[in-house]
Amino acid sequence: DVKVTQSSRYLVKRTGEKVFLECVQDMDHENMFWYRQDPGLGLRLIYFSYDVKMKEKGDIPEGYSVSREKKERFSLILESASTNQTSMYLCASSLVTAGYTFGSGTRLTVV
Amino acid sequence: GNSVTQMEGPVTLSEEAFLTINCTYTATGYPSLFWYVQYPGEGLQLLLKATKADDKGSNKGFEATYRKETTSFHLEKGSVQVSDSAVYFCALMGNNDMRFGAGTRLTVKP
């Protein structure tokens, strides 16, 4: 089975810190995605990538950036964390025409 | 653009009750349709999918039929269990872009 691994299940960071969320997949998928999940808002797409060193903005990219230096790894970066970025962050990967495989999520709290 | 609308929750049922969670979609072309399930504290897991009209996806007693004429993909289960308590997401994939519904929280009481 495809595995998508997010490095942390829970994180607590201070306002203004630079935060890195890491995601690794082990099945050579081309596509990788970062979502945030908030109550009543469902999943909102932050950034996605269809190839190494390629990135595209999703619906809510403000305050975030991403890095994809290797095919298997897709990092989400909060340049200066703020309390409104407290959320559950979900990484996913997929082949071009298949459904998504999700990681277990990282629950980030910014204090 | 493509979008998915699913019934708002929360839904609370007794064990062995019949479950329906409604999902309708708007899309151009011929999207694939999915149901994902999220158990407490976990990420989303693929529950079932259908890739063309009249296909029926099924898994773990859950079923959904891709109805092009009504643009729907309703999730059903004949007899729910306490272990089915989770949040269920309907999703659509068209042009390599996945769109999710807002999620429906299901609680099953013994």
Side-chain angles (χ1 to χ4, degrees), chain A residues 1-11 21 23-25 27 29-51 54 56-60 74 76 87-109, chain B residues 1-11 21 23-25 27 29-52 55 57-59 62 64 66 73 75 86-105 107:
Chain A
D1 279 350
V2 177
K3 199 159 191 180
V4 177
T5 303
Q6 294 184 230
S7 53
S8 304
R9 293 296 299 271
Y10 300 94
L11 274 179
L21 303 183
C23 175
V24 178
Q25 51 96 2
M27 281 299 288
H29 282 179
E30 298 96 344
N31 306 330
M32 297 189 75
F33 308 84
W34 275 107
Y35 289 84
R36 65 177 282 176
Q37 181 182 11
D38 300 288
L41 298 176
L43 275 71
R44 294 182 291 167
L45 182 63
I46 305 171
Y47 267 96
F48 60 98
S49 169
Y50 291 154
D51 202 352
M54 177 271 179
E56 292 284 346
K57 293 179 180 179
D59 299 323
I60 51 162
F74 192 38
L76 180 70
S87 186
M88 169 74 105
Y89 289 88
L90 294 168
C91 176
S93 73
S94 76
L95 292 172
V96 171
T97 57
Y100 291 8
T101 300
F102 282 86
S104 297
T106 297
R107 186 166 294 283
L108 172 67
T109 302
Chain B
N2 296 343
S3 66
V4 174
T5 303
Q6 63 182 100
M7 66 184 281
E8 292 186 22
V11 174
I21 301 177
C23 172
T24 58
Y25 67 90
Y30 303 95
S32 295
L33 300 173
F34 304 82
W35 277 100
Y36 283 85
V37 58
Q38 184 180 34
Y39 298 105
E42 300 291 328
L44 277 68
Q45 302 174 23
L46 179 63
L47 181 60
L48 54 84
K49 68 178 182 181
T51 57
K52 62 183 188 295
D55 268 2
S58 61
N59 186 24
F62 291 90
Y66 188 162
F73 192 56
L75 182 68
V87 181
Y88 293 82
F89 291 89
C90 185
L92 171 158
M93 175 174 274
N95 299 324
N96 207 26
D97 176 49
M98 183 85 84
R99 294 287 162 174
F100 291 87
T104 302
R105 181 176 298 279
T107 301

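Residue numbers begin at 1 in each chain, while the letters A, B, ... track the order of the sequences. On a predicted model such as this, the values are computed, not experimentally measured, just so you know.
Among the candidates A/S104, A/G42, A/G105, the residue making the largest number of heavy-atom pairs closer than 4.5 Å to chain B is A/S104.
Of the two parts of A/F48, neither the backbone nor the side chain holds a non-hydrogen atom closer than 4.5 Å to a non-hydrogen atom of chain B. For chain A, no part of B/R105 is nearby; none of its heavy atoms comes within less than 4.5 Å. With a 4.5 angstrom heavy-atom cutoff, A/R9 touches chain B only via side-chain atoms. If you measure heavy-atom distances from B/Q38 to chain A, the contacts under 4.5 Å come from the side chain alone. Neither the backbone nor the side chain of A/Q6 comes within less than 4.5 Å of any heavy atom of chain B.
Between A/L90 atom CG and B/E42 atom CD the span is 10.5 Å, to the nearest 0.5 Å. In this structure, CE in B/M98 is found 10.5 Å from CG in A/N31, a value given to the nearest 0.5 Å.
At most 12 heavy atoms of other shown residues, nucleotides or ligands fall within 6.0 angstrom of atom CZ in A/R107. Atom OH of B/Y30 sits in a sparse spot, with 12 or fewer heavy atoms from other residues, nucleotides or ligands closer than 6.0 Å.
A donor-acceptor pair under 3.5 Å links the side-chain atoms of B/Y36 to the main chain of A/Y100, judged by distance alone.
Residues A/Q37 and B/F89 are in side-chain contact: their nearest non-hydrogen atoms beyond the backbone lie under 4.5 Å apart.
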